[in-house]
Amino acid sequence: LRVKLEQRLNERLDDSRSAGLLRMPAPYDGDVARPTSHGRSILSFASNDYLGLASSVALRTAVAEAAMRHSGPGSSRAVAGTTLAHRTAERALAGHVALAEARLFTSAYSANVAVLGSLLGAGDLILSDELNHASIIDGCRLSRARTVVYRHGDLDHLTWLLREHAHTARVTAVVTETVFSMDADLADVRALRRLTHDHDAALIVDEAHALGVVGELGEGSCAASGVAPDVLVGGLGKAFGLSGGFVAGPGVIGPAIDNFARPMLFSTAILPAIAAAVPQATEMLRGASTARRRLQGHVTTIRAAAARGGRVLGSSTAPFVPVVIGDPVAAVRLSSEMRERGALVPVMRPPTVPAGTSRLRWSATASHNPEEVAQACDIFLECTTALLGSDGQREHQSEAAQR
Ligand SMILES: Cc1ncc(COP(=O)(O)O)c(C=O)c1O
């Protein structure tokens, strides 16, 4: 029964290949909206730089200038890695989401792992939406708290679980994304706040895809709805146009993270140059109303075209458009053909999404112009017609092919 690691890895890769699930990330260079690949410029709908800040000269300049003042932080935040730039960034982020304290992380992934894995523990209960991001799932696993998954967005199921299980736990927490990253639908944060309040439970939200997009100033679903969550996780790698993540909450969250969060204690701090650019990125993001309107226009255009080639999920508030194709092989073929013709729209396959729901996920960005979006939509329609057959039959065909 003993096998060498290399052999097992090769077997697993072969299995992924034959199931159409092998990922082979292609290298791209240059601007995130119009990268160059194999010497050709293509239109990319793969980046979560929703407002075009990563492409903006102003933000690039801010990062470059900050990089001339700061290099690596040298150690974890707890040892000597907390700079004034980190603190200033944290004040800007806390203010943006209308909460008292914030702490930066190297990614939103590690922020979720920190919150769930280090602030909750044995004897606690986590109720987690079934479509929550992998970083939330991994945080739940690390926490050693009992984790019960509730049906996606189903508040009746959640209420039942709270009634059934909350009295068995010390701390109970409900955790949800606010804009679901693969389904483009929105959590009802007001109802979740009422429900958690009534059951003495904490509300933990991941606003990675809502910040910059939801609310007049891009303040996210909670601040825009007047909801104060117990803990908010945000990402800097999406609409902020940078890289990293943060955790925000009431006053106790800062010292709790500083003392208990293992990714904070045992990992080198986020680059001070990124931290130094955060206040400017936050200001740009808050002022980006024109970009938000342009983004909305692109989402509307893409949703209309995508509906002619597959089943479109979610709400037009989300800055991306998932189009279910079903079969992973068909979805990959479609995406590859589109890339050949000059438009990059990535495929989401299991384990990122449930089996049988492989999909193209179009991320819109304000740095595209309407002509570029229209051009990519034409490419999509040409390719779906060529590869998947006539309207309306596609998902059924690909599902049948899987059975
Ligand atoms: C909802 C959600 N949370 C967290 C993350 C992790 O973000 P990061 O790339 O900063 O680690 C992602 C990334 O895709 C996400 O979609």
Side-chain angles (χ1 to χ4, degrees), residues 23 25 32 44-50 53-54 89 93 97 102-117 126 128-142 149 152-153 174-187 189 192 203-214 218 220-222 229 231-248 261-264 267-271 274-275 277-278 281-282 285 313-315 317-322 346-349 351-354 359 361-365:
R23 279 121 167 117
V32 288
S44 173
F45 294 82
S47 133
N48 296 321
D49 174 34
Y50 301 126
L53 297 194
L93 291 168
V97 294
R103 287 294 181 271
L104 286 167
F105 284 84
T106 48
S107 67
Y109 184 98
S110 56
N112 271 326
V113 165
V115 165
L116 295 153
I126 304 173
S128 176
D129 188 288
E130 70 176 315
L131 292 188
N132 275 339
H133 188 260
S135 53
I136 297 178
I137 297 170
D138 292 354
C140 292
R141 287 178 180 155
L142 270 178
V149 172
H152 176 52
V174 171
V175 58
T176 183
E177 294 180 38
T178 57
V179 173
F180 281 87
S181 58
M182 291 298 133
D183 289 63
D185 56 349
L186 277 60
V189 290
L192 283 166
L203 177 62
I204 301 176
V205 295
D206 178 337
E207 294 252 50
H209 293 278
L211 296 175
V213 175
V214 179
S221 297
C222 286
V231 186
L232 180 150
V233 171
L236 300 176
K238 306 187 195 308
F240 281 89
L242 294 167
S243 171
F246 67 97
V247 173
R262 295 170 71 84
M264 178 65 102
S267 181
T268 301
I270 187 172
L271 212 59
I274 296 183
V278 163
T282 309
L285 178 146
L313 303 179
S315 142
T317 305
F320 51 88
V321 182
V347 183
M348 300 295 150
R349 291 170 279 174
T352 310
V353 297
R359 63 199 70 172
R361 181 182 182 279
W362 292 74
S363 279
T365 164

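Order of appearance sets the numbers: ligands from 1, and atoms from 1 within every ligand. These numbers come from the heavy atoms of this one structure, side chains and all, not from hydrogens, waters or symmetry mates.
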Is there a side-chain contact between Leu232 and Phe246, using heavy atoms and a 4.5 Å cut-off? yes
Quick check against the 3.5 Å criterion: does Glu177 have a side-chain atom that pairs as donor or acceptor with the backbone of His133? yes
Output for ligand 1, non-hydrogen cut-off under 4.0 Å, lists Ser107, Ala108, Tyr109, Asn112, His133, Ser135, Glu177, Ser181, Asp206, Ala208, His209, Lys238, Gly244
Pairing donors with acceptors under 3.5 angstrom, does anything connect the side chains of Asp183 and His152? no
Using the side-chain contact (heavy atoms from CB on, under 4.5 Å) criterion, which residues pair with [X]? Sequence neighbours excluded.
X      : value
Ala364 : Leu295, His298, Val299, Ile302
Ser363 : Asn48, Tyr50, Phe320, Arg361
Leu186 : Val179, Ser315, Thr317

